[in-house]
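Report on the following structure.
Labels below follow one simple rule: chain letters A, B, ... track the order of the sequence lines, proteins then strands, and each chain is numbered from 1.
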Amino acid sequence: MKNSEIAKIFSEIADLLELKGENQYKIRAYKKAAQVIESYPIPIEQLYKEGKLQQIPGVGESIAAKIVEILRTGKLRYYEKLKAEFPPGITSLLEIPGVGPKTALSLWKELGITSIEDLERLIEEKKTAVLFRLGEKTAANIIKHVQSQRRKEQRILLGKALPIAERIVEALREVPGVHDLIPVGSLRRFKETVGDIDIMATADEPEKVLDVFVHLPGIQEVLAHGGTKASVIVEEGVQVDLRVVEKDSFGSLIQYFTGSKEHNIALRERGLKQGLKLSEYGITDLKTGKLEKFPTEEEFYERLGLQWIPPELREARGEIERAALRNIPKLVELKDLRGDLHVHTKWSDGQDTIEAMALAAKERGYEYIAIADHSAGRGIARGLGVERLKKQIEEIKRLNQRLSGIKILAGIEVDIRADGTLDLPDEILQELDVVVAAIHSAMSQDKEKMTKRIIAALEHPLVNILAHPTCRIIGEREEIDVDLEEIMRVAARTGTALEINSMPDRLDLRDIYVSRARELGVKLSINTDAHAVHHLDYIRFGVGVARRGWCEPKDIINTWPLEALEDFFRKKRALLR
DNA sequence: GCCGTTTTCGGCCCGACTGTTTTCAGTCG
C-alpha cells in the first residue's frame with residue numbers, strides 16, 4: 001500500500017475525530033502523522049517489514065499498531081467504527097473554507113446536510129438561517145467559496161509562478177522609496193507547486209507602492225487595496241498579495257510568511273523550551289514579557305541559537321536539529337553547475353541546432369553540454385537510428401574542433417524497451433561519451449516487471465544516467481509503479497546517476513526521493529531535457545529540487561570538472577565488464 | 001496520541017479575522 005493511501009486514512013480519522021469533538025491534541029497527532037507519512041521518502045511497508053515504524057516522527061505505539069493492522073488486513077477496525085458514526089460524505093463539508101467541524105456537525109444534525117450540493121441547495125432556499133451562528137453573511141460566503149473553488153485550478157506550477165513574481169518585483173523596484181522586496185511562501189521555498197504569490201516589502205511610503213502595484217499592467221482584478229496590504233488577480237489567474245511592513249521586524253515577518261507551517265510550529269515549540277514565544281513580530285521573553293524585534297532572518301534564527309536555514313530546507317524534516325548543531329549542508333547552487341547532460345536538438349524533436357545549443361550553454365557559463373536526442377524507438381520524436389546517430393557523432397566532432405570554450409559531449413536518450421533491453425546496440429552506444437536511458441512506453445507495467453526492467457538498464461555498463469526516473473507529469477500523469485528503494489540501491493551500486501529533470505511539469509526525481517537517494521549514496525544529475533535554447537534556463541528549478549533534497553555539489557555529477565565526470569562514466573564500464 | 005535540554009506525566013504554536021443569539025467561538029494560515 002502506498003504511503004499516500006495510508007496517510008489519507010489517518011487524515012480522515014483526524015477529520016472524524018474533529019466532528020466528534022475529541023481532544024484537539026489527539027486530532028493534531030493524527031494530522032501530523034498523516035502529513036509526515038504523506039511526504040516520507042521511504043515506503044511505510046518497508047519500514048513495517050523491518051520493524052522500524054516508530055522511527056517515523058509523530059508515529060508512536062498506537063498509530064504504529066494501526067499501520068500494522070492496515071498492512072496486514074487491508075482494513076482498520078477503529079477507522080471503520082468511526083466512519084459508521086457519521087453519514088458518508090460529511091467530511092467533504094470540511095473542505096469548504098469557513099466551514100469547520102462545529103458548523104459541519106450542526107449542518108448535519110439540524111438540517112441533515114451531508115454534501116456540498118445539499119448545502120448549496122438549502123442555502124439558496126434560505127433554510128440555513130435557523131442555525132446558530134450561520135447568518136446571511138456566512139451563508140453568502142460559503143456560496144462564494146464553493147463557486148470560486150470550482151472555477152480556479154488550485155495550485156500552479158512553480159515554473160509558471162516564479163516568472164510572474166519576478167515580473168512584479170522588477171516593476172516595483174522602480175518605485176522611489178522601496179527598500180526590501182522579496183517573494184515569500186512556498187515560492188521562496190521552491191516548492192514544485194504554489195497556491196498563490198506573496199510578496200513582502202519595506203518602503204518609506206507604503207501607500208505609493210501599493211498604488212503602483214494595483215495599477216500594474218496585466219492585473220485582472222483588485223480584490224483588496226488597503227494601507228499596508230493589497231491583493232490582486234493577474235491575467236494568468238493567480239492571486240498575488242503584496243504586504244508593506246515594518247523595517248525593524250522584517251526578519252521575523254519574512255521568516256513567518258516563508259513557512260512552512262510545519263517548520264514554524266517546530267521552531268516555536270523549540271522556542272518555548274527556551275522560555276521564548278515566537279511570532280511574526282519577533283521574540284518575546286516569557287519571563288520579562290519583553291518583545292525583541294529582528295530586522296533580518298539571520299538575527300532571528302541566531303537568537304534561538306540556530307544557524308540560518310535556507311528556505312528550501314524549511315519543511316520540518318530535521319533542518320532545525322542540524323541548524324542547532326551548526327551543521328546545515330552547503331547546498332548546491334546554480335553557479336556550481338558546469339554543464340547540462342540532457343538536451344535535444346533538431347536531430348530529433350528539439351527546435352534548435354547542436355551548435356545553437358552549445359553556444360547557449362557557453363553563454364550560461366557551462367564547460368560542457370551533452371546532446372541526448374531520442375533513439376529510434378520513439379517514432380513520434382524522429383528518433384535516431386544507428387546510421388543517423390553515427391552522422392551526429394561526426395557532426396559533434398567537427399563542431400568541437402571549430403568551437404572553443406565549450407565541450408560538446410555526444411550522447412543519446414535511449415529508450416528502455418518494455419523488456420528492459422535498450423533501443424540501440426552496444427556497438428554504437430560505446431562510441432558515445434554519455435548514455436542517458438529513459439522509459440517512454442509501457443508505463444503501466446506492474447511493479448515487479450517495471451522494477452526488473454529499470455534494473456536491467458541500470459546494470460547495463462554503458463548506461464550512465466536514468467532520465468526522469470518516475471515519469472510523472474505534475475497534475476497529469478502519476479508516477480510509474482516501481483520499487484524506487486531498489487532502483488536507488490542498484491543505482492548506487494552500479495555507479496549510475498539518477499536525473500533531476502528540471503522541466504517545470506516534471507521535476508522528477510522529486511524532492512523527497514532526491515533526499516533519500518542522496519542518503520543511499522546515489523549520484524544525481526540536474527538536467528533540463530531542453531527542447532529549445534530557452535529551456536536551458538529551467539535548470540534553476542532542478543537546482544531548487546536538489547536543494548530541497550539537501551544536495552551539496554559533490555552529490556551532483558554535473559558540478560564536477562569534465563575529467564571527474566568522464567572518470568565516473570569509465571569506472572562503471574570497467575566495473576561491470 | 002506523541003514525546004522528553006523541565007518532564008515517562010503533563011504538556012502540546014501563535015495571532016488575526018469574521019460574524020455575531022455582543023463578548024467571543026470558530027476558523028484560518
Side-chain angles (χ1 to χ4, degrees), chain A residues 10-11 13-37 53-67 78-79 82 93-107 110 128-142 144-145 149 184-186 189 194-196 198 224 226 228-229 231 239 241 243 245 249 252-253 255-284 286-287 291 304-306 316 320-321 324-325:
Chain A
F10 290 123
S11 160
I13 289 176
D15 282 348
L16 291 166
L17 291 176
E18 244 177 344
L19 289 172
K20 265 188 94 160
E22 259 284 3
N23 176 331
Q24 53 164 323
Y25 298 111
K26 188 170 169 178
I27 295 166
R28 189 192 295 172
Y30 277 105
K31 277 191 180 163
K32 190 182 176 199
Q35 186 259 327
V36 171
I37 290 169
L53 283 174
Q54 289 194 48
Q55 84 172 38
I56 307 167
V59 173
E61 210 175 319
S62 166
I63 292 184
K66 290 187 173 70
I67 295 175
Y78 176 70
Y79 175 46
L82 214 46
L93 294 177
L94 299 174
E95 288 163 24
I96 306 168
V99 177
K102 296 286 192 295
T103 312
L105 199 68
S106 81
L107 286 171
E110 312 286 326
T128 54
V130 298
L131 288 187
F132 180 76
R133 283 186 179 277
L134 208 157
E136 244 173 73
K137 278 197 170 172
T138 311
N141 273 336
I142 289 174
K144 204 176 91 188
H145 282 308
Q149 235 172 21
V184 290
S186 44
R189 304 200 312 277
V194 305
D196 48 25
D198 223 340
T228 58
K229 187 191 154 179
S231 294
Q239 181 170 335
D241 294 350
R243 291 164 214 269
V245 301
S249 47
S252 52
L253 279 158
Q255 195 288 322
Y256 171 79
F257 280 102
T258 297
S260 65
K261 192 181 164 194
E262 289 75 23
H263 172 84
N264 286 352
I265 289 174
L267 208 59
R268 283 178 212 148
E269 278 170 355
R270 184 189 155 83
L272 275 184
K273 286 178 190 148
Q274 301 170 315
L276 302 170
K277 185 170 65 121
L278 281 53
S279 78
E280 54 265 54
Y281 304 109
I283 297 178
T284 310
L286 287 172
K287 269 195 216 117
L291 174 74
L304 299 167
L306 298 173
I320 295 172
E321 294 78 358
L325 297 170

## Note on the structure
Of the candidates B/dT20, B/dC2, B/dG26, the side chain of A/Ala29 sits closest to B/dC2
### Query
What residues, two or more places apart in sequence or in another chain, satisfy side-chain hydrogen bond (donor to acceptor under 3.5 Å, both in side chains) together with A/Ser231?
A/Asp241
### Query
C1' atom, B/dC12 versus B/dT6: distance in rounded Å?
14 Å
#### Entry: A/Arg28: salt bridge (Lys or Arg N to Asp or Glu O under 4.0 Å) partners, not counting sequence neighbours
none
#### Entry: Atom P, compared across B/dC14 and B/dC9: separation rounded to whole Å
25 Å
#### Entry: Base-pairing mate for B/dT8 - Watson-Crick or G-U, with both contacts under 3.5 Å
none
### Task
Using the C1' atom as the reference point in each nucleotide, state the distance between B/dG11 and B/dT5 in Å, no decimals.
16 Å
### Task
Rounded off to whole Å, could you give me the CG-to-C1' distance for the A/Leu286 and B/dC14 pair?
12 Å
#### Entry: hbond_proxy A/Tyr256 side chain to B/dG29 base (donor-acceptor, 3.5 Å cutoff)
yes
### Query
Quick one: is A/Lys261 getting a side-chain N or O under 4.0 Å of the B/dC28 phosphate, OP1 or OP2?
no
### Query
Could you state the CZ-C1' distance from A/Arg28 to B/dC12, rounded to the nearest angstrom?
6 Å
### Task
Could you work out the separation of B/dT20 and B/dG26 based on their P atoms and round it to a whole Å?
14 Å
### Task
Describe the nucleic acid contact of A/Glu18 in one word from base, sugar-phosphate, nothing, applying a heavy-atom distance below 4.0 Å.
nothing
#### Entry: Value in whole Å for how far the C1' atom of B/dG26 lies from CD of A/Gln24
12 Å
### Query
Hey, does A/Ile265 reach any base, or is it just sugar-phosphate, or nothing, if we go heavy atoms under 4.0 Å?
base
### Message
Using atom P in both nucleotides, what's the gap between B/dG15 and B/dT21 to the nearest angstrom?
### Response
28 Å
### Validation row: A/Lys20, A/Leu82 side chains within 4.5 angstrom (heavy atoms)
yes
### Task
Please tell me which of A/Lys102 and A/Ala64 maps to the more 5' nucleotide of DNA chain B, matching each residue to the nucleotide holding its nearest heavy atom.
A/Ala64
### A/Glu136 CD to B/dT21 C1', straight-line distance once rounded to whole Å
16 Å
### Query
Taking all atoms of both residues into account, what is the closest heavy-atom pair of A/Ala64 and A/Val59, and its distance?
N-CG1, 3.8 Å
N/O donor to acceptor pairs below 3.5 angstrom from side-chain atoms of residues 97-107 of chain A, sequence neighbours left out:
from: A/Ser106; atom 1: OG; to: A/Thr103; atom 2: O; distance (Å): 3.3

### Query
Nearest-Å distance, CZ (A/Arg243) to C1' (B/dG15)?
12 Å
Where do N or O atoms of nucleotides 16-18 of chain B meet protein N or O atoms at under 3.5 Å, pair by pair?
from: B/dA16; atom 1: OP1; to: A/Tyr281; atom 2: OH; distance (Å): 2.9

### Query
Are there more than 12 heavy atoms of other residues, nucleotides or ligands under 6.0 Å from atom CD of A/Gln55?
yes
### Query
What nucleic acid atoms does A/Leu94 come within less than 4.0 Å of, heavy atoms only: base, sugar-phosphate, or nothing?
nothing
### Task
Would you kindly compare A/Leu278 and A/Lys66 by the position of their nearest DNA chain B nucleotide and give the one closer to the 5′ end?
A/Lys66
### Pairwise C1' distance for B/dT23 and B/dG29, with rounding to whole Å
24 Å
### Task
For B/dT8 and B/dC3, measure between their C1' atoms and round to the nearest Å.
9 Å
### Query
Taking atom P of B/dC2 as reference, at what distance in whole Å does atom CD of A/Glu22 sit?
13 Å
### Query
Can you give one letter per nucleotide of nucleotides 5-11 of chain B, 5' to 3': B if a protein heavy atom sits under 4.0 Å from the base, S if only from the sugar-phosphate, - if neither?
-B-----
### Task
Grab the CG-P distance between A/Leu53 and B/dG1 for me, whole Å please.
16 Å
### Query
So which nucleotide from B/dT27, B/dG29, B/dC2 ends up closest to the side chain of A/Ser62?
B/dC2
### Query
Closer than 4.0 Å, any side-chain N/O of A/Tyr30 to the OP1 or OP2 of B/dG1?
yes
## Note on the structure
By side-chain hydrogen bond (donor to acceptor under 3.5 Å, both in side chains), A/Lys31 pairs with (sequence neighbours left out) A/Glu18
### Message
By the 4.0 Å heavy-atom rule, please label A/Lys31 as base, sugar-phosphate, or nothing.
### Response
nothing
### Query
Under the side-chain hydrogen bond (donor to acceptor under 3.5 Å, both in side chains) test, which residues partner A/Glu22, sequence neighbours left out?
A/Lys26
### Message
Regarding A/Ile27, tell me which of base, sugar-phosphate or nothing describes its non-hydrogen contacts under 4.0 Å with the strands shown.
### Response
nothing
### Task
Round to the nearest Å and state the distance from A/Ile142 atom CD1 to B/dG26 atom P.
15 Å
### Query
If you check every side-chain atom of A/Lys277, which of B/dG19, B/dG15, B/dC2 has the closest atom?
B/dG15
#### Entry: Contacts of type salt bridge (Lys or Arg N to Asp or Glu O under 4.0 Å), residue A/Arg270, not counting sequence neighbours
none
### Task
Without swapping roles, check the side chain of A/Ser260 against the backbone of A/His263 for a donor-acceptor pair under 3.5 Å.
yes
### Residues in salt bridge (Lys or Arg N to Asp or Glu O under 4.0 Å) contact with A/Asp15, at least two apart in sequence or another chain
none
### Task
State, with a plain yes or no, whether a side-chain heavy atom of A/Tyr79 is found less than 4.5 Å away from one of A/Lys66.
no
